[in-house]
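Both backbone and side-chain heavy atoms feed into the values below; hydrogens, waters and symmetry mates do not. As the structure is a prediction and not an experimental result, all values here were calculated from the model.
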Amino acid sequence: MDDVLDEVFERTLKKSVFKNRRVLLPDYIPPTLLHRDEEIRRLGLVLAPSLKGEKPSNVFIYGLTGTGKTAVAKYVLDKLVKKAGELGVRTRYVYVNLRQRDTPYRVLADIAEALDLRIPFTGLSTGEVLGRIVKRLNLLEDTILIAVLDEIDFLVKKHGDDLLYKLVRMNSELKDSSISLVGITNNIYFIEHLDARIKSSLGEEELVFSPYKTDQLIDILKSRAEEAFIPGALENGVIELCASYAAKEHGDARRALDLLRIAGELADRLGEDKVVLEHVKMARVELEKNRLTEITRTLPLHGKLVLLSVIQSTLAGRRYGTTGEIYDIYKRTAIDIGLDPVTLRRVSDILSELDMLGLISARLISRGRYGKTRVVSLESDAKTIINVLSEEPFLGESSILDRIMKSLGI
DNA sequence: CCTCCACTGGAAACCTAGGCTC
DNA sequence: GAGCCTAGGTTTCCAGTGGAGG
């Protein structure tokens, strides 16, 4: 037994294609950002007044995922704050991702924390938190706070633009301090459904990030690979393949880096001393599987049940199910395992949510006399989903999953 | 050209579990 | 402990609606 383990340990410890795997992780900000000089310069230009103690304009940054919006924002602000420190100007910044912190309260709590305030995770009114921030900023005289609100469209979609309005208006209550907003979104149409008051004040400046071209992706991957891998660890063409896969996904650099990293991890796991093209292809499959597992796992219970019902509705050789059919199946399953089923209205919403997550495709069609409904089909691997669902106590112990697996021939 | 199906999607309100202040 | 806050998931109610079949 020991020998087996020893071998595993040896293998992981001794040989690795990596020199420094960290530089390939999504939240790593490299010391220099390639092919974003213009964007860096322009954002710097907008925010530079803070070095003279003046309030910078609010900025809006648009661009698809993996175009370096977050990286550029963090990069510029890190440098800005450092420079401000040297000059003795009080400039701070907060970075908040509004997809993860998608309520007004949590956003305010994060901003408050950046000002060294302690805020409980629930209990206070948003107005109270806002008030404390104002008080704090007035106490810290001449402080310029820059709040980076990443994926800002998520908050607005769920809770409206009230918070943005309040944050913008907060400046009128501040004496010598100020707050500026940097909004980041990958939804170009986002600004259109903003209130006119906010649109004008938040969009004082606008930056648009265009996707990376394949050769730019290659540059980026090469420079990171030099840091990340030991020399000679990459077969010729590995980087190019990662780049071309990612270029197909609208030049998404994050995806390119993920592919490269996972390809490397696969090589390590297989005990090979070189990353080859085949590893990249495997990495692509793995990446999709991880995403699916992660999303499915974090689904609320009824979301999982509805997803399972979608699988069942497409079981008997059918390509899609309708909302009504899926609801019937769902209801039966829920009662079967001793759960109160939710209403059709709710299931309708859950189906939309699953669609947005990309797990299923739900297209709205009208079948004339036979009413309007959503045509739902599974867009992901049923086997992976069922594996995750079997972790669920309610489902794991029932025989439903076994039955489905049999029908699927797994 | 009109009807009417099978839902969709908006709005408000409810419920549970948490936490503040006084 | 009262009274008032929050987040999330949900229920209740209801006014639409695209287009096949009459």
Handout entry: Neighbours of DNA chain C within residues 303-313 of chain A, by heavy-atom distance under 4.0 Å
Key =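 Heavy-atom cutoff 4.0 Å gives no residues at all.
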Practice task
Using the side chain to side chain donor-acceptor pair (under 3.5 Å) rule, collect all pairs that involve residues 216-228 of chain A, keeping only residues at least two apart or in two chains.
Solution key: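 For residues 216-228 of chain A: A:H35-A:D219.
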Practice task
Could I get the full list of side-chain hydrogen bond (donor to acceptor under 3.5 Å, both in side chains) partners for A:Y212, not counting sequence neighbours?
Solution key: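 Expected list: none.
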Exercise for the section: Look at the side chain of A:R346 and decide which nucleotide, out of C:dG18, B:dC20, C:dG9, has an atom nearest to it. Expected result: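 The listed nucleotide nearest to A:R346's side chain is C:dG9.
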Problem - Residue A:Y105, side-chain atoms from C-beta onward, closest of C:dT6, C:dG18, B:dC20 - result: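 The answer is C:dT6, which lies nearest to the side chain.
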Practice task
Name the orientation class of the two ring planes belonging to A:H302 and A:Y330 (parallel below 30°, tilted from 30 to 60°, perpendicular beyond 60°).
Solution key: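 Perpendicular: the ring planes of A:H302 and A:Y330 meet at over 60°.
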Whole angstrom is fine here: how far is it from [atom1] in [X] over to [atom2] in [N]?
X	N	atom1	atom2	answer
A:L301	C:dG8	CG	C1'	15 Å
A:L354	C:dG9	CG	C1'	15 Å
A:H302	C:dG9	NE2	C1'	9 Å
A:D340	C:dT11	CG	P	9 Å

Side chains of [X] and [Y] only: does a donor on one sit below 3.5 Å from an acceptor on the other?
X	Y	result
A:D78	A:Y93	yes
A:R36	A:T67	no
A:S309	A:R332	no

Handout entry: Sequence neighbours excluded - salt bridge (charged side-chain N to carboxylate O under 4.0 Å, His left out) pairs with any residue from residues 173-183 of chain A
Key =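 Pairs touching residues 173-183 of chain A that pass the test: none.
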Problem - Summary of salt bridge (charged side-chain N to carboxylate O under 4.0 Å, His left out) pairs that have at least one residue in residues 290-314 of chain A, sequence neighbours excluded - result: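 Counting only pairs at least two positions apart or across chains, the salt bridge (charged side-chain N to carboxylate O under 4.0 Å, His left out) contacts touching residues 290-314 of chain A are A:E288-A:R291, A:R297-A:E391, A:K304-A:E392.
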Fill in the blank from the handout: B/S/- along nucleotides 4-11 of chain B (protein heavy atoms under 4.0 Å) is SBBSSBB-
